[in-house]
Amino acid sequence: MIKAPHPILTAFTATLRRDLLLAARRPGDMLNPLVFYLIAITLIPLGLGPESELLAQLAPGMLWVMALLATLLALDGLFRSDFDDGSLEQLLISPQLLYFSVLAKVFAHWLVTGLPVTLLAPFLGLTLGLPSPAYWALCGSLLLGTASMSLVGAMGAALTVSLRRGGLLLSLIVMPLYIPLLIFGADVVQNAALGDSIRMQLSVLGAFLAMALALAPLAIAGALQISIDAG
Amino acid sequence: MSTPLLELRELSCERDQRPLFSALNLRCYAGEAVQILGPNGSGKTTLLRTLAGLCREYRGQILCNGVELGRAGLAHRQNLLFVGHRPGIKSGLTPRENLNWYLALNGCTAATDIDRALDAVGLSAYTDVPCAQLSAGQLRRVALARLHLSDAPPVWILDEPFTAIDRAGVADLEALMARHTAAGGLVILSSHQDLALRGLRRVDLLDYPPQWLEPEESHFA
């Protein structure tokens with residue numbers, strides 16, 4: 001074996017590449033949250049009627065709530081297959097800092113769920129008649145928000161991975177932690193639609209992401225160790 | 001004598017509040033092969049997972065090179081090659097991609113090494129076939145190809161490595177283990193097979209019967 005010059009970087013990129021490769025080979029898993037998001041948003045005008053003023057008023061909240069639910073949908077599978085086939089054990093006993101291995105997995109997960117949802121959101125905003133100044137705010141807030149949601153959600157996924165039916169428990173664990181994100185995220189879009197300043201709310205979302213980046217991988221690593229212990 | 005690579009002192013394990021074995025004392029030195037025996041459910045897998053540092057609920061002490069397992073951490077993991085009950089092979093990836101990830105996880109890069117290792121386990125024709133299309137025995141061989149990577153860590157912990165492996169494969173594997181121990185490695189494995197390894201030590205978990213916990217220590221007293 002030839003020792004790589006930067007073992008941490010090598011392990012990080014290898015795990016990232018592996019997860020992206022797996023996602024590319026099973027595009028169904030990746031499309032699931034996107035299709036959910038698409039269907040949920042297109043159903044809203046059908047349920048509420050086509051009055052554009054009402055829809056435009058509801059759009060910021062709806063776009064955020066549905067994005068949150070869409071990412072929640074994909075969360076359960078984050079560590080599941082790795083747990084089932086034993087790759088997670090290999091990850092845990094590899095001579096690497098677990099922090100970076102976990103970060104690579106969450107980053108890959110965000111790239112195939114959170115990022116596509118963020119990119120799809122403006123088009124769905126169009127169908128709800130979202131006021132034009134709010135589009136950048138929507139993308140920006142979802143970019144920060146989905147990244148935090150992936151990190152926070154991964155803690156729940158790691159805790160429940162050894163349970164056969166952890167789906168409901170996962171939602172219960174993660175939901176309360178998503179609420180601040182939802183409040184500030186939807187507020188960003190709302191304020192932008194009204195033409196107000198969004199700096200404070202975006203800063204809070206950024207601060208949340210920074211904190212999640214620093215602390216969540218540690219919690220995820222700990223939770224995975226507990227789950228493997230039980231499994 | 002030198003420090004044992006792995007030493008168990010009064011080790012007791014339980015699983016779901018059910019004691020498995022108690023007061024297991026064992027010293028494993030470099031160059032040894034240790035076979036863990038015991039009927040199904042006697043705790044072989046739990047013991048091996050505990051030694052690998054995956055299960056952390058045990059009483060007693062585990063010393064790696066004389067250092068407590070909990071404190072040895074990274075040093076222990078660098079010394080360790082663990083092939084578990086679940087082989088850790090992604091069915092969506094090819095054997096080559098699986099080994100590539102494994103190598104990178106251990107901080108290494110060597111593509112030629114992978115070809116050689118897969119060749120050694122007789123999978124040279126399957127290097128780029130998705131693992132989902134391989135048989136159970138071939139999957140196990142992919143997992144065991146790790147043992148053939150050059151510069152493999154000294155401590156091998158193998159949980160039922162011969163499952164689904166054909167006779168010729170078992171003979172090859174035994175020869176590999178013999179080479180590894182001769183080179184100063186340590187092999188700890190669980191298996192129900194009679195192995196012909198020279199100097200093999202057998203540890204039967206039935207010799208360390210479980211003792212029920214003291215009532216005040218039990219959660220349901």
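Note that this is a predicted model, so its numbers are computed, not measured. Every chain is numbered from 1 and lettered A, B, ... according to where its sequence line falls, protein lines coming before strand lines.
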What is the minimum heavy-atom distance between [X] and [Y], and which atoms define it?
X	Y	value
A/Pro95	B/Leu74	C-CD1, 3.7 Å
B/Arg86	A/Phe83	NH1-O, 3.5 Å
B/Glu57	A/Asp229	N-OD1, 4.1 Å
A/Gln96	B/Arg77	O-NH1, 3.5 Å

Please list, one pair per line, the donor and acceptor atoms closer than 3.5 Å that link side chains of residues 61-81 of chain A to other protein atoms, with sequence neighbours excluded.
| unit_1 | atom_1 | unit_2 | atom_2 | d |
| --- | --- | --- | --- | --- |
| A/Trp64 | NE1 | A/Ser141 | OG | 3.1 |
| A/Trp64 | NE1 | A/Gly185 | O | 3.4 |
| A/Thr71 | OG1 | A/Ala67 | O | 3.3 |
| A/Thr71 | OG1 | A/Leu68 | O | 2.8 |
| A/Asp76 | OD1 | A/Arg80 | NH2 | 3.2 |
| A/Arg80 | NH1 | A/Val161 | O | 2.7 |
| A/Arg80 | NH1 | A/Leu163 | O | 3.2 |
| A/Ser81 | OG | B/Lys90 | NZ | 3.1 |

Interchain contact, A/Leu97 with chain B, by part (heavy-atom threshold 4.5 Å)
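Contact with chain B is absent: no heavy atom of A/Leu97 under 4.5 Å.
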
Interface moiety of A/Asp84 toward chain B, non-hydrogen atoms closer than 4.5 Å:
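Only the backbone of A/Asp84 comes within 4.5 Å of chain B.
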
Considering only heavy atoms and a distance below 4.5 Å, find which of A/Leu21, A/Thr13, A/Leu9, A/Leu88 pairs most often with chain B.
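Most heavy-atom pairs under 4.5 Å with chain B: A/Leu21.
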
Report the residues that fulfil side chain to side chain contact (heavy atoms under 4.5 Å, CB included) with A/Phe208, sequence neighbours left out, ordered by chain and then residue number.
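Side chain to side chain contact (heavy atoms under 4.5 Å, CB included) list for A/Phe208, sorted by chain: A/Ser148, A/Val152, A/Pro180, A/Leu181.
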
Just verifying a value: how many Å separate [X] [atom1] and [Y] [atom2], rounded to the nearest 0.5 Å?
X	Y	atom1	atom2	answer
A/Ile93	B/Ile157	CD1	CD1	8.0 Å
A/Leu92	B/Phe82	CG	CZ	11.0 Å
A/Asp19	B/Trp101	CG	CH2	8.5 Å

Quick check on B/Arg146 against chain A: is it the side chain, the backbone, both or neither that has a heavy atom closer than 4.5 Å?
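Side chain only.
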
Contact part of B/Leu105 toward chain A, heavy-atom cut-off under 4.5 Å: side chain, backbone, both or neither?
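Interface part for B/Leu105: both.
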
salt_bridge(B/Glu97, A/Arg17) N-O dist < 4.0 Å:
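Salt bridge flag = no for A/Arg17 with B/Glu97.
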
Donor-acceptor pair, distance only, cut-off 3.5 Å: does the side chain of A/Arg25 make one with the backbone of B/Gly92?
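Looks like yes, one N/O pair under 3.5 Å.
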
Tell me, yes or no, whether the heavy-atom count around B/Tyr126 atom OH, taken from other residues, nucleotides or ligands under 6.0 Å, exceeds 12.
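Not buried by this count: 12 neighbours or fewer within 6.0 Å.
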
Heavy-atom count check: over 12 atoms from other residues, nucleotides or ligands less than 6.0 Å from B/Phe162 CZ?
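Yes.
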
Close side-chain approach of A/Arg18 to B/Asn100, heavy-atom, < 4.5 Å
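When only atoms from C-beta onward are counted, B/Asn100 and A/Arg18 do not touch, as no gap falls below 4.5 Å.
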
